[in-house]
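I have placed the structure first, in the form of structure tokens, so that the comments after it can refer back to it.
Numbering starts at 1 and runs along the sequence shown. What you see below is based on every heavy atom in this structure, not just the backbone, and it leaves out hydrogens, waters and symmetry mates.
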Amino acid sequence: MLVPVVDLVGNPGATRSLHRTVAVGDVGDDEWGRVGEALRGDLTLALEMDSVVEGIWVHGDVSWMLELECGRCLLPVTLDRTSEVGELFFDPKRVHADDEDVDEGYMVLEDGAHIDLERMLHDVVVLDLPVAVRCERADCEPPTVDGVAVLSEDEHRMLHEDAPDPRWAELANLKLGDG
């Protein structure tokens, strides 16, 4: 997703807003993996682009919607996600050949007139994918296998939180002296 920045490159202190809704298909050709199946609708960008000596500082919020399965009842859960982003797109004229910290995906393009937000958007959405989702339904029941509810480790721990670990139960009977 190319964004023109010809007015910002080499003009430190200049700034411009970028408010746009972008279809996921327009972001690029990179594979989205599990996120691609879960994304619903478009990405909403509310970004500021500031010209700095090193290049273009892009910062702001990216919002999107996901539909995932509840980790307990396996019913769909819709999540509105917003992540704060902040990336420096380096001006190639300011980068030295021996500079190893510069990522090729975060550079002002060679024409000096565009930056490609594809990598940044892809990274923020994929890295923000929750590992497990729990719905807030009152009727949320775990799936059962042969009549036995399948509990997560956290659910099992909460059920037995007050009970001492049987491996250490005998320590409760141990009497220690004052000294």
Side-chain angles (χ1 to χ4, degrees), residues 1-137 140 152 154:
M1 185 187 128
L2 296 179
V3 176
V5 291
V6 70
D7 58 323
L8 298 175
V9 174
N11 191 9
T15 187
R16 184 163 31 99
S17 296
L18 175 68
H19 296 275
R20 188 180 295 177
T21 300
V22 181
V24 175
D26 294 340
V27 173
D29 297 331
D30 282 350
E31 289 295 321
W32 290 88
R34 183 174 167 227
V35 175
E37 300 164 9
L39 277 169
R40 299 292 180 262
D42 300 330
L43 303 175
T44 303
L45 312 179
L47 303 173
E48 297 292 324
M49 299 182 297
D50 299 328
S51 179
V52 294
V53 173
E54 297 85 3
I56 307 294
W57 172 246
V58 178
H59 57 101
D61 294 323
V62 178
S63 303
W64 64 97
M65 188 178 296
L66 292 171
E67 186 176 291
L68 299 169
E69 289 180 342
C70 172
R72 185 172 184 180
C73 67
L74 303 179
L75 291 175
V77 177
T78 301
L79 302 171
D80 287 321
R81 307 293 284 185
T82 299
S83 282
E84 192 173 314
V85 296
E87 293 293 343
L88 178 61
F89 288 80
F90 289 93
D91 183 350
K93 296 177 214 149
R94 302 273 185 190
V95 176
H96 301 287
D98 60 341
D99 204 351
E100 296 176 10
D101 294 335
V102 177
D103 187 340
E104 293 290 323
Y106 293 102
M107 299 265 303
V108 175
L109 298 181
E110 291 297 323
D111 65 2
H114 295 89
I115 56 175
D116 190 353
L117 297 181
E118 174 183 338
R119 174 95 175 269
M120 180 187 77
L121 294 175
H122 187 269
D123 287 352
V124 73
V125 172
V126 171
L127 293 175
D128 193 60
L129 182 68
V131 175
V133 177
R134 179 70 57 86
C135 70
E136 299 297 326
R137 295 182 191 97
C140 179
S152 71
D154 291 336

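Using a 4.5 Å heavy-atom cutoff, the side chains of L121 and L45 are in contact. Looking only at side-chain heavy atoms (C-beta outward), M120 and I115 stay at 4.5 Å or farther from each other. Proximity of L117 to E87: side-chain heavy atoms (C-beta onward) are nowhere separated by under 4.5 Å. The shortest distance between side-chain heavy atoms of C135 and L75 does not fall below 4.5 Å.
Residues forming a side-chain hydrogen bond (donor to acceptor under 3.5 Å, both in side chains) with E48 (at least two apart in sequence, or on another chain): S17. Contacts of R81 classified as salt bridge (charged side-chain N to carboxylate O under 4.0 Å, His left out), with partners at least two apart in sequence or in another chain: D128.
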Determine, step by step, whether V3 and M49 satisfy the side chain to side chain contact (heavy atoms under 4.5 Å, CB included) criterion, reporting the C-alpha distance in whole Å, the side-chain angles of both residues, the deciding distance to 0.1 Å, and the verdict. CA-CA 10 Å; V3 176; M49 299 182 297; 3.9 Å; yes
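Minimum heavy-atom separation, L68 to A38: CD2-CB, 3.4 Å. Across V5 and R16, no two heavy atoms sit closer than the pair CA-NH2, 3.6 Å. When all heavy atoms of I56 and S51 are compared, the closest pair comes out as CD1-CA, 4.2 Å. In terms of heavy atoms, P76 sits closest to E67 at CB-OE2, 3.9 Å. Contact record, P130 with V133: CG-CG2, 4.0 Å, taken as the closest heavy-atom pair.
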Check: residues 57-66 side-chain donor-acceptor pairs under 3.5 Å, at least two apart:
unit_1 : atom_1 : unit_2 : atom_2 : d
H59    : NE2    : D50    : OD2    : 2.7
S63    : OG     : T82    : OG1    : 3.0

